[in-house]
There are 2 protein chains.
Amino acid sequence: MQISSRFSVAVHVLSLLALPEQEGVPLTSERMAGSVNTNPVVIRRILGQLKKAGLVEVRPASGGTFLTRQPANITLLEVYRAVEVVEEGQLFSVHDKPNPACLVGRHIQSALDDTLQRAQTALEQVLAHTTLQQVTTDIAAKALIS
Amino acid sequence: MQISSRFSVAVHVLSLLALPEQEGVPLTSERMAGSVNTNPVVIRRILGQLKKAGLVEVRPASGGTFLTRQPANITLLEVYRAVEVVEEGQLFSVHDKPNPACLVGRHIQSALDDTLQRAQTALEQVLAHTTLQQVTTDIAAKALIS
DNA sequence: AGCAGTGTAACTACAGTTGTTACAACCCGG
DNA sequence: CCGGGTTGTAACAACTGTAGTTACACTGCT
């Protein structure tokens, strides 16, 4: 099972917001959907989650959408958490209700838990150390080359 | 989206195989299912994947099931790969077909790819450094305490 | 040959994702 | 103060992957 593409879409949208806007062309959910190549409602749903997490401010009607912080101060981990791809600490699912009458069944959960938690944390630390700015800088750099 | 519980079930099953067997009570898929608390077919499906990965040997009929290696030489990463919870390098899914007419759309995939790959590798490295033996030792230790 | 167990196909039920339509709520400009 | 473009959300469909179950052919020991 893969981690939902909501995460990559969210980073895409935030990159659009971080990069300089074209003059006179407001960045609506419709236009963002055009860049991501999906439906505007999908974008609005994700913007709603980013807003709830305090990463963006969305003004209803024709008010526009803005980052609330500098791209350098937004980590991918925050984005990852914002779109709720996984419940905190629940990346791995462990079969619940193993047989307590069995030695292994009785202790497998706690025996696995520590390792799985560390694996998950290792992944999240990489995201925590990558900022939105790094992503947009990378995009800009690639744009210059090609 | 969570990683399938096939992984934790597989570790459970391998732990059963690694720990000393009760005399005269063969470890059938039926008994394993009893410990995991699921259906024997679910166990046989997972055993099939572990067999394909070369981690266990299953003798049809009443032949029994055995580890092909010492528990100290089986890493959780191998188990993780064996049950195919995720395609290699595909833990994160990235929206395909972003709009190439857009600066961000054109480069978001490659800009994200490096980071996501590193995050995934960080997770896998934790699994790579944990052996089946560590799990069974932990189970045995907990059994002594309680 | 009988039988206990494995291997596997087929089916159901369920949950989460993604895309879509529809529509109320909002607010700015004229 | 009203019209029009936009956001916020509910509702639904299609699809995918998981997990449980039944059924049955196959295997190999005794």
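Everything numeric in this text was worked out from a predicted model, so none of it was measured. Order of the sequence lines fixes the chain letters, A, B, ..., with proteins taken first and strands second; residue numbering starts at 1 for each chain.
- When the shell of 6.0 Å around CD of B:Q117 is examined, it contains more than 12 heavy atoms from other residues, nucleotides or ligands.
- In this structure, B:N39 atom CG and C:dA10 atom C1' are separated by 14 Å, rounded to whole Å.
- Under the salt bridge (Lys or Arg N to Asp or Glu O under 4.0 Å) criterion, B:E57 pairs with B:R59, not counting sequence neighbours.
- Listed by chain and residue number, A:E88, A:E124 satisfy the salt bridge (Lys or Arg N to Asp or Glu O under 4.0 Å) test with A:R81 (two or more places apart in sequence, or in another chain).
- In this structure, CD of A:Q2 is placed 8 Å from P of D:dG17, rounded to the nearest angstrom.
- When the C1' atom of C:dA15 is taken as reference, atom CE of A:M1 falls 8 Å away, rounded to whole Å.
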Can you list the steps and then say if A:T65 with A:M32 is a side chain to side chain contact (heavy atoms under 4.5 Å, CB included)? CA-CA 11 Å; A:T65 306; A:M32 298 189 211; 4.2 Å; yes
Mind listing the N/O atom pairs, protein and nucleotides 26-28 of chain C, below 3.5 Å?
none

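- A heavy atom closer than 4.0 Å to some atom of DNA chain C occurs in no member of residues 89-106 of chain B.
- Between A:F7 and B:F92, the ring planes are tilted. Angles from 30° to 60° get that label.
- Screening residues 35-52 of chain A for salt bridge (Lys or Arg N to Asp or Glu O under 4.0 Å), with sequence neighbours left out, gives no hits.
- One interatomic measurement links the two molecules: CD of B:E30 to P of C:dA4, which rounds to 12 Å at whole-angstrom precision.
- No single ILVMFWY cluster, assembled from side-chain heavy atoms under 4.5 Å apart, contains both A:M1 and A:V94.
- Applying the salt bridge (Lys or Arg N to Asp or Glu O under 4.0 Å) criterion to B:R69, with sequence neighbours excluded, gives B:E78.
- Applying a 4.0 Å cut-off to non-hydrogen atoms, the residues of residues 42-57 of chain A that approach DNA chain C are A:V42, A:R45, listed by residue number.
- Considering only residues two or more places apart in sequence or on other chains, B:S4 meets the side-chain contact (heavy atoms from CB on, under 4.5 Å) condition with B:R6, B:V85.
- Heavy atoms of A:T65 sit nowhere under 4.0 angstrom from any nucleic acid atom.
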Show me the side-chain donor-acceptor pairs of residues 129-137 of chain A shorter than 3.5 Å, one per line, residues at least two apart or across chains.
from   : atom 1 : to     : atom 2 : distance (Å)
A:H129 : ND1    : A:Q125 : O      : 2.9
A:T130 : OG1    : A:V126 : O      : 3.0
A:T131 : OG1    : A:Q133 : N      : 3.4
A:T131 : OG1    : A:Q134 : N      : 3.2
A:Q134 : OE1    : A:T131 : N      : 3.0
A:T136 : OG1    : A:L132 : O      : 3.4
A:T136 : OG1    : A:Q133 : O      : 2.9
A:T137 : OG1    : A:Q133 : O      : 2.8

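- For DNA chain C, the neighbouring residues in residues 3-19 of chain A, judged by any heavy atom under 4.0 Å, are A:S4, A:S5, A:R6.
- Listed by first then second residue, pairs satisfying salt bridge (Lys or Arg N to Asp or Glu O under 4.0 Å) with a partner in residues 95-110 of chain A number zero, not counting sequence neighbours.
- Look at B:S29 and you'll find a side-chain N or O under 4.0 angstrom from OP1 or OP2 of C:dT6.
- With distances taken from any side-chain atom of B:V41 to the nucleotides C:dA9, C:dT17, D:dG20, the minimum falls on C:dA9.
- Looking at residues two or more places apart in sequence or on another chain, you find a salt bridge (Lys or Arg N to Asp or Glu O under 4.0 Å) between A:D114 and A:R118.
- Neither side chain, A:H95 nor B:S5, offers a donor N or O lying under 3.5 Å from an acceptor on the other.
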